[in-house]
Amino acid sequence: MDETPESPRARLFAEGRRLPASAARVGTPTRGPGEWSQRGPPLLPVAPSTRVVARLASAWVIAALLGVAAPAPAAERVGNVLVLYSYPWRLPINVEGDRGLHEAIRTSAERPVLVCDETLDAPRFGGPAYEAVVVKYLREKYVAKAPDVLVAVGDVALDFLLTRRTLLFPGVPIVYAGVDQKTLQSMPPLPAGVIGVPIDHTYYPTINLAFRWHPRAHRLVAVTGTSEVDRRIEAQLRAELPRVKPGVTVELLAGLPLDEILRRVAGLGQDAVVWTAGVFRDGANQSFVPRDVVAAIAAASTAPVYTSFDTLIGNGTVGGYSPSIYGIGRQAGEIVNDLLDGGAPGTLRLPRPLPQRLVVDWRQARRWEIPENAIPSEAVVKFKPPPLLEAYPNDVLVAVLVALLQTALIGWLVVEHHRRRRAEAVREVQSLELAHASRLAVAGELTASIAHEINQPLGAILSNADAADLILESPNDRRDEIRTILADIRRDDRRASEVVRQWRGLLAKHALEPRAFDLNGVVRDVESLLRAEARRRGVALRIQPAPTPAETVGDPVQIQQALINVVLNAMDAVAGLPDDRRTITVPVECVDGRVTILVRDRGHGIAPADLPRLFEPFFSTKSGGMGLGLAITRTLVESHGGRIWAENGPGEGARFHIELPAVRGHDDAPPEPA
Ligand code: ADP
């Protein structure tokens with residue numbers, strides 16, 4: 001038998017046969033032509049002696065010299081399968097079925113199979129003359145490769161092979177595939193050796209599904225063609241119409257030119273659904289590939305298009321119930337395997353017919369707003385975009401990680417922010433406490449002056465009271481003098497009260513309530529608070545309020561405290577100096593949107609080395625000094641958005657500048673120097 005391969009697949013297996021039998025086939029099962037047999041003992045001794053090898057080698061050489069072919073390695077007989085399709089190759093139904101068939105047929109080096117495909121190309125070709133040519137063609141083509149199994153795909157091929165079996169390949173078993181049960185029932189009983197799995201393909205489940213998914217529709221527009229196949233599909237549809245949902249009106253677009261079909265479906269409303277299996281030939285006698293027609297109908301249609309052929313899904317149809325064409329191909333392939341393995345056609349256990357299953361195009365389901373939960377879970381849903389995680393696992397992983405990190409970072413920042421806010425609040429309270437403690441300490445230092453400030457009016461009151469007593473004992477009417485004395489008493493009382501009020505204002509604990517206030521008022525209060533102390537120390541404290549209000553925003557008590565600290569330091573600096581140098585001048589100025597209080601003394605000044613450290617906590621040059629006064633003062637000033645700095649005066653003494661933001665900008669002439 002000439003086994004020149006025609007297809008790559010056949011070539012592969014032919015190459016498989018050419019493997020040296022001695023190397024590859026020793027002891028392996030093989031089969032002779034037309035039968036399956038177990039291979040006999042090895043051709044060569046397993047461990048030949050040198051002598052035997054030499055003898056054999058010379059035999060090969062002699063044989064070669066004499067031109068006698070060396071004995072051919074025993075080759076397995078190739079199982080020939082001829083698949084005859086009814087319809088054109090390009091039909092998706094053929095492509096899909098063919099895939100299943102070829103994938104199922106088991107072929108190997110040990111049992112090579114040669115599958116040859118032919119088509120009758122119905123309905124484009126047909127008639128007795130054509131069939132006669134095909135018969136001749138097949139007989140002559142396959143004379144050297146007589147098929148061991150015939151596969152008839154579709155009813156046209158089955159009919160063809162049955163009627164010409166004796167003429168073509170007598171006695172060769174026929175496996176039919178893709179032939180409907182109803183068609184088989186309408187045929188005479190199948191002769192022996194013709195087997196297959198019929199398909200149970202009905203259209204009404206798809207049509208009823210369409211009306212369930214489009215409850216407003218009550219009109220079925222079915223599109224078919226004019227070829228024999230088209231007419232058979234139409235006939236089946238008509239036969240099934242009684243099983244379509246009651247109340248549906250049916251409009252059959254059969255025998256129309258494609259243009260007219262497209263025009264009709266383009267004018268449909270929400271009351272219609274379209275069903276089609278495509279068109280092989282239209283009313284204008286044009287032949288088509290049904291899939292192309294289905295795509296054109298779906299593109300033109302203003303109503304959803306359904307089909308009962310899964311190979312037509314993906315071209316704009318919503319979907320429908322269909323047997324798996326691929327599965328049908330596979331089943332036929334399994335039967336072919338059994339026959340090639342030596343099974344007798346009548347004794348084979350055939351697979352059960354495949355049930356119809358629902359196939360849905362996800363994109364069309366979205367387009368026609370079919371709820372996701374209306375699609376049964378067992379449906380085969382095509383073209384559904386995979387979940388993000390499936391489609392881009394790495395990207396999703398990275399995104400999730402980034403999001404987690406970001407969340408963790410934000411969480412950490414929030415926690416840190418709260419912690420900082422709490423720490424700030426604690427620090428604020430502590431600094432308020434410290435400022436208050438420092439005010440108390442100052443007051444403690446000034447107890448003698450404060451006592452003097454209060455005692456003085458009290459003493460005056462007492463003296464005035466004594467004087468009044470004496471006047472009352474006098475026989476003369478001296479009521480005017482009494483009135484003057486009472487006025488003095490009242491004035492002294494007010495003076496004492498004012499001292500108490502001012503110190504209480506400075507020393508009382510109070511919450512920070514920023515408000516606008518006049519620095520002129522602050523320096524006046526400070527002068528009043530420290531007047532007695534200045535007098536006690538013999539220091540001339542001269543304040544020079546600005547001619548206009550010098551307003552800033554904040555807590556006046558804290559600025560008072562800051563100023564008291566600076567003025568007391570100035571008093572310390574001038575202590576022990578001659579009278580004329582015990583002078584402190586405190587002018588208030590408003591310049592360029594800032595208000596400043598300058599504290600000028602004529603003391604010993606600040607050593608240049610100490611200047612940078614002046615405001616550091618615990619820096620002091622005084623014996624018994626705490627070194628906290630200026631540190632607290634700077635904190636108070638800065639918390640008001642201001643600044644404080646020190647310098648030595650041009651001639652003598654030190655100058656402390658307290659600068660604060662002004663509520664309104666003032667530009668005053670600089671005050672007189674001290
Ligand atoms: P303390 O008064 O307890 O020393 P301060 O913080 O109030 O603490 O002052 C720090 C230091 O600044 C003082 O010890 C002093 O050396 C210096 N100082 C402050 N004011 C003046 C001034 N007017 N003249 C000279 N030195 C000053």
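Every number for a ligand or one of its atoms is a count from 1 in the order of the listing. Since we're looking at a predicted model, the values are computed, not measured.
No side-chain heavy atom of Val442 sits under 4.5 Å from any side-chain heavy atom of Gln561. Between Asp555 and His640, the closest side-chain pair of non-hydrogen atoms falls below 4.5 Å.
Contact annotation for Asp601 and ligand 1: only side-chain heavy atoms (C-beta onward) come within less than 4.0 Å of the ligand. Residue contacts with ligand 1 for Ser620 involve both N, CA, C or O and side-chain atoms from C-beta outward (heavy atoms, distance under 4.0 Å). Of all the heavy atoms of Phe615, none lies under 4.0 Å from any atom of ligand 1, so neither backbone nor side chain is involved.
Not a single donor-acceptor pair under 3.5 Å links the side chain of His604 to the backbone N or O of Gly653. Here the side chain of Thr206 pairs no donor or acceptor atom with the backbone of Gly320 at under 3.5 angstrom. For Asn208 (side chain) and Lys245 (main-chain N/O), a donor-acceptor pair under 3.5 Å exists by modelled atom type. Under the 3.5 Å distance criterion, the side-chain polar atoms of Ser639 are matched with a main-chain donor or acceptor of Leu636.
Ligand-side atoms of ligand 1 in range of Phe656: 19 (C), 20 (N), 21 (C), 22 (C), 23 (N), range being under 4.0 angstrom from any heavy atom. Near Ala573, the atoms of ligand 1 lying under 4.0 angstrom from a non-hydrogen atom of the residue are 22 (C), 23 (N), 24 (N). Residue contact check: Phe619 has heavy atoms under 4.0 Å from atoms 10 (C), 11 (C) of ligand 1. Residue contact check: Gly629 has heavy atoms under 4.0 Å from atoms 5 (P), 6 (O), 7 (O) of ligand 1. For ligand 1 and Gly625, the ligand atoms under 4.0 Å from any heavy atom of the residue are 3 (O). Every atom of ligand 1 with a heavy atom of Ile606 under 4.0 Å away is listed here by number and element: 25 (C), 26 (N).
Ring orientation note: the planes of His657 and Trp645 are close to parallel, at an angle under 30° on the 30°/60° scale.
Taking a 4.0 Å cut-off on heavy atoms, Gly605 registers as neighbouring ligand 1. Ligand 1 has at least one atom lying under 4.0 Å from a heavy atom of Leu614.
For Leu630, a nitrogen or oxygen atom sits less than 3.5 Å from a nitrogen or oxygen atom of ligand 1, counting backbone and side chain alike. Residue-to-ligand polar distances place Gly627 within reach of ligand 1: an N/O pair is separated by less than 3.5 Å. By the 3.5 Å distance cut-off applied to N or O atoms, His604 is not counted among the residues near ligand 1. Any N or O atom pair closer than 3.5 Å counts here, and Asp572 shares no such pair with ligand 1. Between Met626 and ligand 1, at least one pair of N/O atoms sits closer than 3.5 Å.
Between Ser438 and Ile632, the shortest heavy-atom contact is CB-CD1, 3.5 Å.
Counting heavy-atom neighbours within 6.0 Å of Arg535 CZ, excluding the residue itself, gives a total above 12. Residue-environment remark: CZ (Phe383) exceeds the threshold of 12 foreign heavy atoms within 6.0 Å. Crowding of Glu498 atom CD: a count of heavy atoms from other residues, nucleotides or ligands under 6.0 Å exceeding 12.
When hydrogens are left out, the protein atom nearest atom 14 (O) of ligand 1 is Thr621 N, 2.8 Å; that is the closest non-hydrogen contact. Looking only at heavy atoms of the protein, atom 2 (O) of ligand 1 is closest to Lys622 NZ, 2.7 Å.
Among Asn569, Leu568, Leu611, the residue whose heavy atom lies nearest to atom 19 (C) of ligand 1 is Asn569.
Using modelled atom types and a 3.5 Å distance limit, the side chains of Gln502 and Ser528 yield a donor-acceptor pair.
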